[in-house]
Protein chains: 4
Amino acid sequence: MSHGINKAILIGNLGADPDVRTLPSGDAVANISLATSESWTDRSTGELIERTEWHRIALFGKVAEIAGDYLHKGSRVYVEGKLRTRKWTTAEGHERYTTEVIVDARGSMQMLDGRAVQEPAPPPKPEPPKPVRKARKPKARPEPAMTEDDDIPF
Amino acid sequence: MSHGINKAILIGNLGADPDVRTLPSGDAVANISLATSESWTDRSTGELIERTEWHRIALFGKVAEIAGDYLHKGSRVYVEGKLRTRKWTTAEGHERYTTEVIVDARGSMQMLDGRAVQEPAPPPKPEPPKPVRKARKPKARPEPAMTEDDDIPF
Amino acid sequence: MSHGINKAILIGNLGADPDVRTLPSGDAVANISLATSESWTDRSTGELIERTEWHRIALFGKVAEIAGDYLHKGSRVYVEGKLRTRKWTTAEGHERYTTEVIVDARGSMQMLDGRAVQEPAPPPKPEPPKPVRKARKPKARPEPAMTEDDDIPF
Amino acid sequence: MSHGINKAILIGNLGADPDVRTLPSGDAVANISLATSESWTDRSTGELIERTEWHRIALFGKVAEIAGDYLHKGSRVYVEGKLRTRKWTTAEGHERYTTEVIVDARGSMQMLDGRAVQEPAPPPKPEPPKPVRKARKPKARPEPAMTEDDDIPF
DNA sequence: TTTT
DNA sequence: TTTT
């Protein structure tokens, strides 16, 4: 029952370790800062220009736990989510707006670094929460066994 | 030579007529405010919730001109671009950040309303041969009348 | 636990009414043929060229029911799904491969036509019975109640 | 002037080295076979299922040359292009259809392997700026030396 | 500020 | 035919 599409697709590297917290509901939230960059050659000078863009990403639920467990500063990830601009208040009481990419059960995150454990694509779920509490400790998890038996058309 | 993907895909409605300006370079810039909305049923109350998200879009060049010529308040559009957060200064001299979706020659915009002239032709490309046919010059045609006797493989 | 991204995003018009069936499991499957087109000006002749591409889409579950209820020949839709190439056998016993865009609970479909609800379809023509289910008559659904006073940043 | 969106976004691994050819026009074409996979846990048996999908990709022009120079069997890549189903004829004179993802100047390809490196990042900070700086000319053979020491605000 |  |  929604009209409209709101989608962001990013591939970039984390500027710092994820900031993981647990909501009162028990759900995890992970905030990460992701850098994407593009470069081009200046037409007049001929020099190569590079520009880096920083994105604020907020992951919720299962994907937040995975982020907390496996991502770290420098990690390269694929992220798919939706844009959300939220209002917040500075310490001085001033209102500010920040735009983030929200990755919940409808979105997805995938690690693109060498070795990594990802996540099964879970079905739809409603919405992301808000209030935040404390961080949680990352835990090392074993690699899951994989099976296969594909039909290969080509 | 860029590493990273920075992509936003939106379908929504304009909250107001486009604000079109001309840069010193002569290029056009169109700013639009786009609403996307999503809705879901609250699990506890069972009531239908709707949430609207507003996006700032900045179109450049040819696509900005098209926006200025054909879009208006209420128009539904598809927009593909990249995220960019830029710093600006308030009248009081305070710094602020705003995130926008930039639609330039690498991005695209398409009108989804009834009648319409859509997107500018894509950049140079070495296309492979294909079943091709001529089409009439556009210029405000009535309805897309999307039925044809194209060769349908299935 | 998946590595890789497999995503297709299409906006186009249906070449025919959806073909809706019910699986033994009771789940619905809707097959639609979707046309997307692109056009460009030939560099040498200067004439406008248009090319139409036809896509086979298979929708599953809830979205298949919606397709059956509201889509018809000519409908414009947004579709997001994954590519799948499947093997099938011709009446003569020859193997063939067909690539489709699969839209399941992880994908999405959205109608882009003005009014979602179309007029009742014409009476069915005499045809041999099959595991085919007629698309249900469009039922007028209640307008989603507007709630929420979204915080509007701009 | 095109109406419709036809987009495919894939991240996967090459099943074999690229097949690169030169068209009569002098343009390069590279064909690659890309595997994406998804996995899930079977609800009844509880076992982990994995399914691999193979995609045929045809790259044209500059991106085809890059593919030929740097990609090889096993390479992980991001690919964005459009779907195209083309007719061809078997040695026995039978018609067949094959769907491919076409990556031309409007599409894009990015290598996700090896040294697509991250760098030592500076300490975190509150707000997202956006620096622009020069980067060195890329060299043309060995490895795409995709690395930089971006200034990271977080 | 949009739209359904 | 890839990868984890």
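So that the names make sense, note that chain A is the first sequence line, chain B the second, and so on, each numbered from 1.
- In this structure, CG of D/Leu10 is placed 14 Å from C1' of F/dT2, rounded to the nearest angstrom.
- A straight line from CG of D/Leu14 to C1' of F/dT2 spans 8 Å, rounded to a whole angstrom.
- Counting to the nearest Å, the C1' atom of E/dT2 and the CG atom of B/Leu112 are 14 Å from each other.
- Side-chain to base pairing of B/Thr52 with E/dT2: one donor and one acceptor N or O lie within less than 3.5 Å of each other.
- When the P atom of E/dT4 is taken as reference, atom CD1 of A/Ile5 falls 16 Å away, rounded to whole Å.
- Partners of B/Asp17 by side chain to side chain donor-acceptor pair (under 3.5 Å), not counting sequence neighbours: none found.
- Partner of A/Glu100 under the salt bridge (Lys or Arg N to Asp or Glu O under 4.0 Å) criterion, chosen from A/Arg84, A/Lys82, A/Lys87: A/Arg84.
- When all heavy atoms are compared, the tightest approach of B/Pro18 to B/Ala67 is CG-O, 3.6 Å.
- Distance OH (B/Tyr78) to P (E/dT2): 25 Å, rounded to an integer number of Å.
- We find that CG of B/Leu71 is positioned 13 Å from C1' of E/dT2, with the value rounded to whole Å.
- D/Ile32 has its CD1 atom 11 Å from the C1' atom of F/dT2, to the nearest Å.
- Put simply, the side chain of B/Glu53 gets close to the backbone of A/Thr85: a donor and an acceptor are under 3.5 Å apart.
- Within 4.0 Å of B/Gly12, counting heavy atoms only, lies no atom of the nucleic acid at all.
- Atom pair B/Glu50:CD and E/dT2:P shows a separation of 13 Å (rounding to whole Å applied).
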